[in-house]
K.L.:
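First, the structure itself, so that you have it in front of you.
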Amino acid sequence: MPDAAMQIPVTVLTGYLGSGKTTLLNRILSETHGKRFAVIVNEFGEVGIDNDLIVDADEEIFEMNNGCICCTVRGDLIRIIAGLMRRSRSFDGIVVETTGLADPAPVAQTFFVDEDVRRRTKLDAIITVADAKHLVEQIDRTPEAQEQLAFADVVLVNKVDLVDRGGLAAIEHRIRNINPYATIYRTERCDINLAQILGRDAFNLERILELEPGFLTEAYEHEHDDEIGSLSLVADRPMKPNKFVPWIQDVAQRYGTDILRMKGIASIEDDDRQFVVQSVHMLIEGGSRRPWKEQEPRQTRLVFIGRDLPRDLLRQGFEACCV
């Protein structure tokens with residue numbers, strides 16, 4: 001496993017068009033926090049303008065304007081990060097701002113698939129900025145808005161001054177329907193204490209479970225009109241290793257195009273260590289981590305966030321893995 005202390009944290013900023021991503025980026029670059037960030041800006045189209053909208057800061061800005069970040073552009077992202085690692089000037093973090101039409105998955109997958117990137121950096125969090133005034137309409141109209149929320153570790157419900165309290169509650173309910181596990185903050189002009197969103201290691205499931213042991217305990221399962229939803233599976237019996245690992249790998253390969261994110265912790269038969277697993281689409285990683293604590297319930301808890309989840313098949317497969 002890479003030495004986390006030596007890895008540079010990477011924050012991915014996403015959110016639909018006009019949500020306020022560049023406003024948040026400017027706050028990161030201009031506020032007094034004593035840290036240096038490298039910034040990678042991705043734009044859709046051959047001519048970029050976001051770079052011109054970013055405040056004049058003592059940071060290095062890298063612009064990728066040959067299309068929305070996807071499989072064809074992932075190589076560019078890998079090359080830019082590899083170049084950063086070779087520079088003599090050190091960075092406290094890397095911020096990747098995606099286009100408003102981007103699916104965040106390929107960015108997250110970069111930190112799974114490239115061994116050198118994985119060794120030198122770590123994905124700290126996917127932060128999604130949501131426009132409180134227009135989010136419900138965007139969710140109803142565009143799959144991209146739903147996907148950006150589904151992948152989020154943190155959601156900033158921005159422009160809250162334009163919506164009343166009842167409207168904000170309804171917005172957060174819709175967000176919870178899509179992603180019940182993201183941390184939600186309400187902001188105006190993305191005004192937030194940066195310590196709440198940077199350096200939180202929010203993509204690290206082990207850390208989240210250390211801070212919030214019940215993070216995956218709630219049996220969330222939403223039936224609603226949104227195309228993307230979530231499913232949680234919980235078992236008090238341990239998993240058979242010869243069944244659980246092949247099953248979870250098969251699920252990722254068979255349904256990975258529709259399962260946007262999966263994360264979980266498993267109790268494996270005859271193993272005193274937790275087995276932590278997570279995936280982004282078809283890319284999956286997992287392994288045994290720390291020992292179970294003496295008073296800790298040895299439950300297996302999995303959460304799936306995706307589109308048209310095969311709920312009955314997932315439940316049946318999960319149950320078949322139990323001892």
Side-chain angles (χ1 to χ4, degrees), residues 11-27 41-45 48-50 53 65 67-70 73 95-108 125-192 197 202 220 222-231 257-261 280-281 304-309:
T11 300
V12 176
L13 299 184
T14 187
Y16 203 68
L17 299 165
S19 60
K21 295 185 301 299
T22 302
T23 300
L24 178 59
L25 179 58
N26 283 338
R27 286 194 180 277
V41 179
N42 172 225
E43 292 202 62
F44 190 82
I49 61 171
D50 268 7
L53 300 177
N65 60 3
C68 188
I69 287 180
C70 61
V73 182
V95 179
V96 181
E97 182 192 7
T98 72
T99 169
L101 298 173
D103 174 356
V107 181
I126 297 175
I127 300 175
T128 297
V129 184
D131 180 342
K133 180 70 172 176
H134 300 104
L135 182 63
V136 172
E137 176 189 354
Q138 291 165 354
I139 289 174
D140 291 338
R141 181 168 47 88
T142 63
E144 293 87 356
Q146 292 193 36
E147 289 172 354
Q148 290 162 359
L149 292 170
F151 278 100
D153 301 297
V154 177
V155 177
L156 298 191
V157 178
N158 194 35
K159 307 181 185 181
V160 295
D161 53 313
L162 303 179
V163 181
D164 61 27
R165 184 173 298 180
L168 288 174
I171 289 165
E172 292 179 359
H173 178 71
R174 290 294 296 274
I175 294 172
R176 289 284 177 227
N177 279 346
I178 295 170
N179 184 343
Y181 299 100
T183 302
I184 298 176
Y185 296 106
R186 297 180 179 183
T187 63
E188 183 177 341
R189 295 192 60 79
C190 293
D191 187 7
I192 188 170
I197 61 174
Y220 285 106
H222 297 278
E223 299 291 347
H224 48 78
D225 294 332
D226 295 329
E227 184 182 4
I228 295 174
S230 64
L231 171 67
T257 54
D258 291 322
I259 296 175
L260 305 181
R261 283 188 72 173
V280 176
H281 283 310
F304 298 86
I305 299 175
R307 182 184 297 105
D308 298 325
L309 294 172

K.L.:
State which residue, out of Asp153, Thr98, Leu13, fulfils the side-chain contact (heavy atoms from CB on, under 4.5 Å) condition with Ile126.
P.N.:
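When side-chain contact (heavy atoms from CB on, under 4.5 Å) is applied between Ile126 and each of Asp153, Thr98, Leu13, only Asp153 qualifies.
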K.L.:
Could you give me the CA-CA distance, side-chain angles and deciding distance for Val160 and Thr187, then say whether side-chain contact (heavy atoms from CB on, under 4.5 Å) is met?
P.N.:
CA-CA 6 Å; Val160 295; Thr187 63; 5.7 Å; no
K.L.:
Do Arg307 and Glu147 touch side chain to side chain, with heavy atoms closer than 4.5 Å?
P.N.:
yes
K.L.:
Calculate, to the nearest 0.5 Å, the distance between atoms CG and OH belonging to Leu135 and Tyr16 respectively.
P.N.:
11.5 Å
K.L.:
How many angstroms lie between CG in Asn179 and CD1 in Ile305, if you round to the nearest 0.5 Å?
P.N.:
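It comes to 4.0 Å.
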K.L.:
Grab the two heavy atoms, one from Tyr181 and one from Arg176, that are nearest each other, plus how far apart they are.
P.N.:
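Shortest heavy-atom separation between Tyr181 and Arg176 comes out as N-NH1, 4.0 Å.
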K.L.:
Of the non-hydrogen atoms in Arg27 and Cys190, which two are nearest, and what is the gap between them?
P.N.:
CD-O, 2.9 Å
K.L.:
After noting the C-alpha distance and the side-chain angles of Phe151 and Val12, does the key distance pass the side-chain contact (heavy atoms from CB on, under 4.5 Å) rule?
P.N.:
CA-CA 11 Å; Phe151 278 100; Val12 176; over 6 Å; no
K.L.:
If the test is side-chain contact (heavy atoms from CB on, under 4.5 Å), which one of Ile127, Leu25, Val96 qualifies with Thr11?
P.N.:
Ile127
K.L.:
Work out which heavy atom in Ala182 is nearest to a heavy atom in Ala152; give both atom names and the distance.
P.N.:
CB-O, 3.6 Å
K.L.:
Looking only at non-hydrogen atoms, find the nearest pair between Ala150 and Ile228 and report the distance.
P.N.:
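Taking every non-hydrogen atom into account, CB-CG2, 3.8 Å.
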K.L.:
To the nearest 0.5 angstrom, please state how far the CG atom of Asp131 sits from the CD atom of Glu137.
P.N.:
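Going from the CG atom of Asp131 to the CD atom of Glu137 covers 9.5 Å.
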K.L.:
Determine the minimum heavy-atom distance between Ala108 and Val280, stating which atoms define it.
P.N.:
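So the minimum-distance heavy-atom pair works out to CB-CG2, 4.1 Å.
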K.L.:
In Å and rounded to the nearest 0.5 Å, what is the CG to CZ distance from Asn26 to Arg189?
P.N.:
9.5 Å
K.L.:
For the residue pair Ile178 and Gln146, what are the closest heavy atoms and their distance?
P.N.:
CG2-O, 3.8 Å
K.L.:
Please lay out, stage by stage, how Leu168 and Arg186 fare under the test side-chain contact (heavy atoms from CB on, under 4.5 Å).
P.N.:
CA-CA 9 Å; Leu168 288 174; Arg186 297 180 179 183; 3.7 Å; yes
K.L.:
Are the side chains of Asp258 and Asp308 in contact, using a 4.5 Å heavy-atom criterion?
P.N.:
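The answer is no; the side chains never approach within 4.5 Å.
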K.L.:
Is the shortest heavy-atom distance from the side chain of Thr23 to the side chain of Lys21 under 4.5 Å?
P.N.:
no
K.L.:
Count the heavy atoms belonging to other residues, nucleotides or ligands that lie under 6.0 Å from CZ of Arg141, then report whether that count exceeds 12.
P.N.:
yes
